[in-house]
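Step one of this worksheet: look at the structure below.
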Amino acid sequence: MSGSAARSARQGFEFTDQDFSRLRELVYQHTGIRMADNRRDLIYGRLSRRLRALGLHSFGAYCRLIEDGHGDELEAFTNAVTTNLTAFFREAHHFDYLADTLIPDLMKRNRDSRRIRLWSAGCSTGEEPYTLAMMLQENIPDIHNWDVRILATDLDSEVLAKAAAGIYEQQNIQRVLGDRLQRWFRKGTGIHKEKAKVLSELQELIAFRKLNLMESWPMKGPFDVIFCRNVLIYFDKPTQKKLFERFAGILVQEGHLFIGHSESPMDLTDRFTLIGQSIYKKNRCNYSPLR
């Protein structure tokens, strides 16, 4: 038994190199995420809970369960291995650009259709789409006369349920300051006194849906804006290239893509131009289809 396997055995289950390799392949197969060597402890910690919950005695048995395509456990598996880190107004410069530049531009560009569509891909527990909803509500004076919608998607069904509920611990809304906090949140009472809930005005703009980015996308778009921040870093380069191309395909001409500071479509596709700090615009296509 290797040193790593021995350590894991002392913690409760033997976890061999073969187990880790097999699970990494299953993670990639079902989510497109490449797990690095240094994620071994993370995989053990999260999936050992599933073994205990199922009454299994080995990771080999758990792998066989996933390989057999057990539907309920496959969902629990993907929920366990995905990472969810988010916050209201995270990378605030993105929302400053949205409010100061992009929303006014969209109101001019779409004044005839009065239609605006945004997609928050990898929305986690909802802080990002609710922040987007605040920006739209605050910067479109007659928003009730517009057809404005935000699609918020994630692979993890558990975080989606939390997002749809719109209920947050007080510590999670610390970045929402002053009048904005008073305007868009209501403080809980009684057993909920340490929590706050977003107003229905924000929730009504958002549709929360489960979506695996590696599978087919049921929505047709087109979207004016896509936020997919700190998601692509978990994919390998060929998968990133594929996703950048798919994002370009579902964006309007000169639509905007917001990504994380460690992510870039450069050297992977020529469909986007960098216009700001991790803000990209889809390049205009000057060709017509052959007939």
Quiz prompt | Close aromatic pair by centroid cut-off 6.0 Å: Tyr62 and Tyr44 | solution = no

Exercise. For side-chain hydrogen bond (donor to acceptor under 3.5 Å, both in side chains), just list the numbers for Asp154 and Ser124, CA-CA rounded to whole Å, side-chain angles, deciding distance to a tenth of an Å, and then say yes or no.
Key: CA-CA 6 Å; Asp154 202 280; Ser124 188; 5.1 Å; no

Quiz item: Looking at CG of Asn110 and CG of Asp224, how far apart are the two atoms once the value is rounded to the nearest 0.5 Å?
Solution: 5.0 Å

Quiz item: Does atom NE2 of His93 have more than 12 heavy-atom neighbours, drawn from other residues, nucleotides or ligands, at distances under 6.0 Å?
Solution: yes

Quiz item: Are Phe235 and Ile43 connected, step by step, through hydrophobic side chains (Ile, Leu, Val, Met, Phe, Trp, Tyr) whose heavy atoms are closer than 4.5 Å?
Solution: yes

Practice problem: Using the six-membered ring of Phe223, assess whether NZ or CZ of Arg117 lies under 6.0 Å from its centre and within 45 degrees of the ring axis. | Solution: no

Quiz item: When you look at CD of Glu67, are more than 12 heavy atoms from neighbouring residues, nucleotides or ligands closer to it than 6.0 Å?
Solution: yes

Quiz item: Around Lys242, counting heavy atoms of other residues, nucleotides and ligands shown, do more than 12 lie under 6.0 Å from its NZ?
Solution: no

Quiz item: More than 12 non-hydrogen atoms from neighbouring residues, nucleotides or ligands closer than 6.0 Å to CG on Asp179, yes or no?
Solution: no

Practice problem: Check whether the side chains of Ser157 and Asn79 place a donor and an acceptor atom closer than 3.5 Å, and report yes or no. | Solution: yes

Quiz item: What about Phe227 and Phe95, are their ring centers closer than 6.0 Å?
Solution: yes

Exercise. Establish, yes or no, whether the cationic atom of Arg40 lies under 6.0 Å from the six-membered ring centre of Phe15 and within 45° of the ring axis.
Key: yes

Quiz item: When the aromatic ring centroids of Phe272 and Phe247 are compared, is their separation below 6.0 Å?
Solution: no

Exercise. Determine, stepwise, if the pair Tyr130 / Ile173 fulfils side chain to side chain contact (heavy atoms under 4.5 Å, CB included).
Key: CA-CA 11 Å; Tyr130 285 125; Ile173 59 175; over 6 Å; no

Quiz item: From Cys123 SG over to Arg209 CZ, what is the distance, rounded to the nearest 0.5 angstrom?
Solution: 11.0 Å

Quiz item: Given Arg271 and Glu245, is the side chain to side chain contact (heavy atoms under 4.5 Å, CB included) satisfied, shown in steps?
Solution: CA-CA 7 Å; Arg271 304 291 298 278; Glu245 293 289 346; 3.0 Å; yes

